[in-house]
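To keep things clear, I will list the structure first and then write my remarks on it.
Values in this document were obtained by computation on a predicted structure and should not be read as measured data. Letters A, B, ... mirror the listed sequences (proteins, then strands); counts begin at 1.
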There are 2 protein chains.
Amino acid sequence: MSLNTRRRGAELEVAILDAAWAVLIESGYTGFTFEAIAARAGTSRPVLYRRWPQRDDLLVATLRRHWAAKPIPVPDTGSLRDDAIGFLRNVDQGRTGLMTLISAQLVEYFRATGTNFRELRDSMRPPGQPTGFATIVQRAVARGELADVVRSPRVIDLPFDLFRNEMLMTMRPVTADWITETIDVVWLPLLHTT
Amino acid sequence: MSLNTRRRGAELEVAILDAAWAVLIESGYTGFTFEAIAARAGTSRPVLYRRWPQRDDLLVATLRRHWAAKPIPVPDTGSLRDDAIGFLRNVDQGRTGLMTLISAQLVEYFRATGTNFRELRDSMRPPGQPTGFATIVQRAVARGELADVVRSPRVIDLPFDLFRNEMLMTMRPVTADWITETIDVVWLPLLHTT
DNA sequence: ACCGTTAGATACATGTCCGTATCTTAAGGC
DNA sequence: GCCTTAAGATACGGACATGTATCTAACGGT
């Protein structure tokens with residue numbers, strides 16, 4: 001029989017990645033050390049080194065696990081405005097830690113590796129898949145709520161870009177007022193200029 | 001007579017702060033160590049400790065010295081579009097290093113101190129002074145190029161928010177195309193929806 | 001039940017930074 | 001020229017992280 005006190009293989013791996021994520025959230029990239037992660041995971045450094053020789057390998061694996069983990073639900077309420085507000089709210093709830101982290105904590109990593117946030121995001125997002133706001137706009141067009149014209153991705157994803165900026169500036173979740181203002185004062189007026 | 005090989009007082013202090021700035025730019029907050037800064041300044045750690053007991057004291061002093069430096073010129077060409085594009089270009093040239101740094105490298109510092117980027121910026125910007133884009137819009141209204149209606153600061157400063165986001169995402173200066181697209185596809189259409 | 005694999009503990013040498021203490025010597029005021 | 005001040009060099013113990021090596025014991029497959 002097995003005492004099941006010792007994890008192996010995939011089970012151990014996800015435990016480590018979860019611990020690494022927790023450390024990253026709490027202590028940032030600076031605190032993201034093999035030492036701290038191994039302690040947090042209840043294992044020892046050699047176990048980590050066997051899987052990820054470089055610290056950055058472990059970092060990417062950690063991000064990859066939590067990026068694909070929870071897709072942000074895109075609401076489908078039948079109203080463009082409600083969809084947009086609901087989606088931003090979901091983004092806020094689901095990605096606060098991630099966004100704060102990625103947008104900001106990791107700049108040291110980007111410097112060191114010569115990449116940037118956009119490249120990392122693009123490499124993890126399956127190509128050809130529409131963004132949340134693209135989906136929302138498509139549906140609104142299908143309902144006849146919006147004119148069927150070509151729109152720049154810059155316009156479509158505007159709320160997301162503004163969200164990221166706001167998060168960076170405040171280091172906090174955004175407020176409900178900020179969300180409605182973004183949709184009502186900025187995005188919807190812009191979408192209707194056709 | 002004096003050999004002047006040994007700096008003292010204010011002269012030494014600014015030399016240290018300049019060295020600290022250089023280190024911060026090159027190596028980020030992680031590399032912002034007393035050791036590295038002292039070496040860069042050609043002095044020794046005890047000299048730094050006598051002035052700034054904590055690392056953050058030195059950081060704030062370093063930022064303060066380089067923050068107030070240069071106001072960004074706001075062009076006045078007689079065209080809303082040209083003003084906006086020119087201003088964004090000036091922002092890009094003048095603040096790339098600073099923005100990248102402040103917006104991003106310093107998140108560890110913000111975490112530690114419980115402040116955020118917006119508070120730091122507001123504390124250093126004189127209150128009541130209109131932003132660059134507010135000035136640009138005011139002039140356009142005065143010329144009759146824009147309707148004289150109340151506009152949300154969110155709308156007015158939109159290009160700046162997008163600029164900050166773009167800078168963060170790419171860690172590079174923005175492209176000329178990005179600037180014109182931001183103004184022509186996003187900002188100007190939004191301003192004209194009245 | 002055996003055996004190959006591998007988790008996990010421990011140890012080691014190395015390197016970097018910390019914070020402080022000590023000592024010298026150059027600078028500047030009088 | 002003397003004397004106070006402070007720069008700058010050096011040393012120290014400690015903390016923490018690195019990367020590797022070695023050993024044991026638990027696990028999983030057959």
Side-chain angles (χ1 to χ4, degrees), chain A residues 1-62 65 105-106 108-109 111-113, chain B residues 1-62 65 105-106 108-109 111-113:
Chain A
M1 62 166 290
S2 146
L3 296 176
N4 263 345
T5 72
R6 185 174 285 190
R7 302 155 296 184
R8 290 178 88 87
E11 180 197 0
L12 175 61
E13 191 150 323
V14 298
I16 292 173
L17 291 180
D18 288 345
W21 175 253
V23 169
L24 188 55
I25 289 287
E26 283 177 17
S27 314
Y29 186 57
T30 300
F32 190 78
T33 65
F34 280 30
E35 188 123 345
I37 295 163
R40 178 81 172 223
T43 183
S44 60
R45 282 181 294 126
V47 176
L48 307 196
Y49 279 104
R50 282 169 199 143
R51 290 158 203 270
W52 306 280
Q54 311 283 346
R55 177 208 222 184
D56 289 344
D57 298 333
L58 176 53
L59 178 68
V60 170
T62 302
R65 168 157 166 80
Q105 288 293 103
L106 292 185
E108 301 259 351
Y109 164 73
R111 287 189 154 226
T113 59
Chain B
M1 67 167 287
S2 146
L3 297 175
N4 264 344
T5 71
R6 185 175 281 190
R7 301 156 297 184
R8 289 179 90 85
E11 179 197 359
L12 176 61
E13 192 151 323
V14 299
I16 293 173
L17 291 180
D18 288 345
W21 176 255
V23 169
L24 187 56
I25 289 288
E26 284 178 17
S27 315
Y29 188 57
T30 300
F32 192 77
T33 66
F34 279 27
E35 189 121 347
I37 295 163
R40 178 82 173 221
T43 183
S44 61
R45 280 181 296 127
V47 175
L48 307 196
Y49 278 105
R50 282 168 198 146
R51 290 157 203 273
W52 305 280
Q54 312 283 345
R55 177 207 223 187
D56 288 345
D57 299 332
L58 177 53
L59 179 69
V60 169
T62 302
R65 171 162 163 78
Q105 288 293 103
L106 292 185
E108 299 256 352
Y109 165 74
R111 287 187 155 228
T113 59

Taking all atoms of both residues into account, what is the closest heavy-atom pair of [X] and [Y], and its distance?
| X | Y | answer |
| --- | --- | --- |
| B:V23 | B:F32 | CG1-CA, 4.1 Å |
| A:A61 | A:W52 | CB-NE1, 3.6 Å |
| B:T33 | B:T30 | CG2-O, 3.8 Å |

What's the closest nucleotide to the [X] side chain, out of [options]?
| X | options | answer |
| --- | --- | --- |
| A:Y49 | C:dA9, D:dT20, C:dC18 | D:dT20 |
| B:P46 | D:dG8, C:dC18, D:dT10 | D:dT10 |
| B:R50 | D:dA7, C:dT20, D:dT18 | D:dA7 |

Got a second to check how far [X]'s [atom1] is from [Y]'s [atom2], nearest 0.5 Å?
| X | Y | atom1 | atom2 | answer |
| --- | --- | --- | --- | --- |
| B:Y49 | B:D57 | OH | CG | 12.0 Å |
| A:L48 | A:E35 | CG | CD | 10.5 Å |
| A:E26 | A:W21 | CD | CH2 | 12.0 Å |

To the nearest Å, how far apart are [X] [atom1] and [N] [atom2]?
| X | N | atom1 | atom2 | result |
| --- | --- | --- | --- | --- |
| A:Y29 | D:dA17 | OH | P | 14 Å |
| A:F34 | D:dG19 | CZ | P | 7 Å |
| B:L48 | C:dA21 | CG | C1' | 16 Å |
| B:R7 | D:dT5 | CZ | C1' | 17 Å |
| A:F32 | D:dT18 | CZ | C1' | 15 Å |
| B:R55 | C:dC17 | CZ | P | 10 Å |
| B:E11 | D:dA6 | CD | P | 16 Å |
| B:I37 | C:dT16 | CD1 | P | 17 Å |

Checklist outcome for this item: Between B:R45 and A:R51, the residue closer to the 5' end of DNA chain C by nearest nucleotide is A:R51
Checklist entry - Taking NZ, NE, NH1 and NH2 as the nitrogens, is one of them in B:D18 or B:R40 under 4.0 Å from a carboxylate oxygen of the other? => result no
Checklist entry - Base, sugar-phosphate, or nothing for B:T33, non-hydrogen atoms under 4.0 angstrom? => result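 Sugar-phosphate: the residue B:T33, judged by heavy atoms under 4.0 Å, touches backbone atoms but no base.
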Checklist entry - Across the strands shown, which category fits A:P53 at heavy-atom distances under 4.0 angstrom: base, sugar-phosphate, nothing? => result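 If one applies the 4.0 Å heavy-atom cut-off, A:P53 turns out to touch nothing in the nucleic acid.
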Checklist entry - Does a side-chain N or O from B:T43 land closer than 4.0 Å to OP1 or OP2 of D:dG8, or not? => result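 It does, given that an N or O in the side chain of B:T43 lies less than 4.0 Å from OP1 or OP2 of D:dG8.
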Checklist entry - Where are the stems of DNA chain D, defined as at least 3 consecutive Watson-Crick or wobble G-U pairs with both distances under 3.5 Å? => result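 Correct response: C:1-30 with D:1-30.
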